[in-house]
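Below you'll find the structure, written out as structure tokens, and then a few comments.
Chain naming here is simple, since letters A, B, ... match the order of the sequence lines and numbering starts at 1 in each.
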Amino acid sequence: MSRRILVTAALPYANGHIHLGHLVEYAQTDIWVRFQKLRGHDCRFFCADDTHGTSIMIRARQEGRREEDVIADMREAHLRDFAGFDIEFDNYGSTHSESNRELCAEFWAALRRADMIVARDVERLFDPEVGTFLADRFVRGTCPKCGTEGQYGDGCEKCLSNYAPTDLLNPRSTLSGATPELRTSTQLFVRIEDLHEFLGTWTQTSGALQPEIANYLQGHFLGEPLRDWDVSRPARYFGFEIPDSPGNYWYVWFDAPIGYVASTRDWCDRTGESLDGWWKNPDCEIHHFIGKDITYFHTLFWPAMLKTAGYQLPTKVHIHGFLTVDGEKMSKSRGTFIRGSTYLQHLDPAYLRYYFASKLGPRVDDLDLNLEDFRNKINSDLVGKVVNIASRCARLLAGRSLSAAYPEDGGLFREGAAASERIAAAYENCDYNQAMREIMLLADRANQYIDAQQPWTLRKDPARADDVQNICSVALNLFRQIAVYLAPVLPRLARQTGELLSAPIEHWDAAQQPLSGTPVNEFQHLLKRIEIEKVNAMLADSQDDLAKKEAPTAAAGAAVVGAEAAGGSGQDSGEWLEKEPLVADLCTIDDFTKVDLRVARVVEANHVQGADKLLQLTLSLGGDVRRNVFAGIKAAYAPEQLVGRLVVVVANLAPRKMKFGVSEGMVCAAGSGGRDVFLLAPDSGAQPGQRVH
RNA sequence: GGCGGGGUAGCUCAGUCGGUUAGAGCACCGGCUUCAUAAGCCGGUUGUCGGGGGUUCAAGUCCCCCCCCCGCUACCA
């Protein structure tokens, strides 16, 4: 029976290019959709650019352009990248569309009717010079937790803590540089606690979520009252103004998931389909594919919105993990932060689609792109095994035809046909690695068959020409069977196989019946081996992309010292400046001297009972002056490494009461945190107590 | 610390309801083959299944304790 299936992948944000991390999801989703279509189901794949929010505003401002121009360019780039990877949408919309605006209004009205919108006065920062409330990203100041300067109002990029912009120390408007004032603004919230019981049941029993996700929600959110969701942002904000609340705009996370519906609606308008037949039809399955980072929105808020507005809830939310490259987070300085477009300049998209497929399972696990494994796997599985079957036999039959009747093959084709439902079940469950294993088994058998029959020997005897044709007919049919099973992953290979054997692959059941009598065309290379040089070139290019992008920043900043540190090569990564941009506000020498930096000697360093990240340090500032300081450096330093060494301490930092005692200063360090922490040290000769000027 | 997920061959992983001698691919070694994109075929090596205890006729699998890794989260001034 044919199923009606609506599929979405998360909307990529219009502020950045598609990279290999994104592609895990789009490949996973595209494979699933192609599989369903090949099975004959009425399956449609909808996506869109996510275009609203403060980041787009900031970017537009920096580039001196309108937001609309920024998102139009990025949309074009996204579509180009997707096409390059054979990601095929039925519609690709935009959250900045009339259809989305109308649907947002519809959802909003439903929430109003359900009395789920509450207004509350919130103290917010206001820029008196520009005359506007400041969105989180327009306020910068010192992180109240770790003291890092130049942090945005929503959270600290260094210590990753979240807070309200009103918590920032020394806040400054990035619009005018003015010190913001605290003013009251009326803010709108969605009260989803009303749906707590419903969400509890849905997340735990509907089967829509992977078990580990259901547990996560139960443990993190559902055990206590659900917090109201702040969905309005005061002007100026790039988004849609809330119809019944002038001056307020919907927060980007409100309109983004509605973009799934809007994209569907655009498609319906174009094709004459009924939107309700997809989104309000209990017989239509709805599948969302997302990454684990946006679990919260898709498993609590979004179902609450759908439920309230009378839409169908997702049948499944398929959640995947992150991509790592060679076991590490993608890193710009190592060249492993790879854009889709950079990859495509060097390598075939089929490689990546197959590699991801061979590693993806139904769980939330992270996926590692090990570049050596990548090359081995593609070269041995796809080139050595699969494509090789065609390559060894097609030439012997080029210009002729497959045997008029399918020859005796010892049951090989039948066995392959019998694997159909096993492989299909694996695809259906997103267990692609299982499917790939099954398929490679078939490829092994085909190669064994060819090897045993030795058509190249028989060919020397003209009397055995029919035998050669029969053997090659079997092998090419086995090859075609494999190409059918791989078609969701490798659509180009399926198409090429159709051309080679003069019979397009249009349905999964093509693997059930062997072809006979069709012309065999001249064999063309189907897939090249991966050369290591290509991979290396891609990595080098990825670093270059970054260097070009960072060049203006480096020129404007003080990059001289860094060049020395790099051993004179002069080429340091701009990664860190990108993560934590230079503070725009200038400070005077007087500002600087407010901070009393001193050289100190670590006289004692201890683990703190019950603390995972803290070490307790006793610092000597010379004489009898001692300071007790807690520092979050446990992952990077052992206490015994520290005793005796010199550090730089902020000596006049206000004491802070912590869970384990009072901290009377802060030791200076660089790095992103965790193991990546590098304490500052003076050159030898410095003495405890000396001030750092 | 709390919660979640893991720990199986050098690497990436599979192991269903507990059931024979714990598997696959890659890598490695030996042989065969030379039609094929230095591809293919046959054979071989590799494991205290994180550690310890328990239940059982039988434990990689179930239960308890501990160790380690990852993620989220909490004090990282």
Side-chain angles (χ1 to χ4, degrees), chain A residues 142-148 156 158-162 169 210-220 223 292-293 295-296 321-322 324 327 355 358-359 361 363-368 370 372-377 379-385 387-396 431 433-434 436-437 440-441 443-444 446-460 468 471-472 475 523 525-529 608-615 628-636 649-650 653-667 669 673-674 677:
Chain A
T142 304
C143 170
K145 291 244 170 83
C146 71
T148 304
C156 175
K158 184 186 173 206
C159 70
L160 301 177
S161 57
N162 291 304
L169 309 176
Q210 290 129 302
E212 61 266 45
I213 297 295
N215 291 339
Y216 163 75
L217 295 172
Q218 186 65 48
H220 274 269
K292 62 185 182 181
D293 50 327
T295 297
Y296 184 55
F322 295 146
T324 55
Y355 187 75
S358 78
K359 302 200 81 167
R363 287 193 307 197
V364 192
D365 303 335
D366 288 350
L367 188 160
D368 186 42
N370 177 300
E372 194 191 336
D373 187 42
F374 172 66
R375 205 161 48 85
N376 282 333
K377 198 165 206 81
N379 289 348
S380 75
D381 285 5
L382 290 187
V383 181
K385 285 182 186 172
V387 164
N388 193 226
I389 300 166
S391 180
R392 350 176 40 174
C393 293
R395 273 175 244 266
L396 300 181
D431 205 351
N433 72 77
Q434 172 80 20
M436 295 309 109
R437 267 200 301 277
M440 285 312 126
L441 215 59
D444 284 338
N447 274 309
Q448 286 160 17
Y449 171 83
I450 297 167
D451 215 66
Q453 300 299 319
Q454 305 199 15
W456 56 90
T457 307
L458 302 182
R459 193 177 54 153
K460 292 170 187 159
V468 172
I471 291 162
C472 292
F523 180 77
H525 254 34
L526 299 171
L527 213 55
K528 280 203 289 266
R529 304 175 63 76
V608 181
Q609 185 79 28
D612 279 359
K613 300 189 181 175
L614 290 176
L615 291 181
N628 181 59
V629 169
F630 290 99
I633 57 173
K634 178 174 170 175
V649 63
V650 183
L653 194 65
R656 172 83 170 190
K657 188 171 183 304
M658 298 178 66
K659 186 173 170 184
F660 307 100
V662 176
S663 186
E664 304 164 321
M666 180 169 92
V667 294
V677 169

### Task
Indicate, with a heavy-atom threshold strictly under 4.0 Å, whether A:Arg437 touches base, sugar-phosphate, or nothing.
sugar-phosphate
Check nucleotides 26-33 of chain B against the protein and report each pair of N or O atoms closer than 3.5 Å, with its distance, or say if there are none.
residue	atom	partner	partner atom	Å
B:rC26	O2'	A:Asn376	ND2	3.2

### Task
Tell me, please, which residues at least two apart from A:Val649 pass side-chain contact (heavy atoms from CB on, under 4.5 Å).
A:Arg598, A:Ala600, A:Leu619, A:Leu621
### Task
Please tell me which of the listed nucleotides, B:rC13, B:rG40, B:rU37, lies nearest to the side chain of A:Lys359?
B:rC13
### Task
Could you tell me which residues satisfy ring-ring contact (aromatic ring centres under 6.0 Å, His included) with A:Tyr355, sequence neighbours excluded, listed by chain and number?
A:Phe374
### Message
Run the side chain to side chain donor-acceptor pair (under 3.5 Å) test against A:Ser380 and tell me which residues pass, sequence neighbours left out.
### Response
none
### Query
NA contact type, A:Leu526, heavy-atom cut-off 4.0 Å: base, sugar-phosphate, or nothing?
base
### Message
Within the 4.0 Å heavy-atom criterion, would you say A:Asn388 contacts the bases, only the backbone, or no part of the nucleic acid?
### Response
base
### Query
Reckon A:Ala631 touches a base, only the sugar-phosphate, or nothing at all at heavy-atom distances under 4.0 Å?
sugar-phosphate
Distance-only criterion, 3.5 Å: show the donor-acceptor pairs between side-chain atoms of residues 447-454 of chain A and protein atoms not counting sequence neighbours.
residue	atom	partner	partner atom	Å
A:Asn447	OD1	A:Arg392	NH1	3.0
A:Asn447	ND2	A:Lys385	O	3.2
A:Asn447	ND2	A:Ala443	O	3.4
A:Gln454	OE1	A:Thr457	OG1	3.1

### Task
Look at all strands and tell whether A:Val387 reaches a base, only sugar-phosphate, or nothing, counting heavy atoms closer than 4.0 Å.
base
### Task
Remember a base hit wins even if backbone is also touched, and classify A:Leu527 as base, sugar-phosphate or nothing at under 4.0 Å, heavy atoms.
base
Could you list, one pair per line, each protein nitrogen or oxygen that sits under 3.5 Å from a nitrogen or oxygen of nucleotides 4-8 of chain B, together with the distance?
residue	atom	partner	partner atom	Å
B:rG6	OP1	A:Arg363	NH1	2.9

### Message
Distance check, C1' atoms only: B:rA14 and B:rG47, in whole angstrom units.
### Response
15 Å
### Message
B:rC35, OP1 or OP2 - any side-chain N/O from A:Arg459 closer than 4.0 Å?
### Response
no
### Message
On the nucleotide B:rA24, are OP1 or OP2 found under 4.0 Å from the side-chain N or O atoms that A:Gln434 carries?
### Response
no
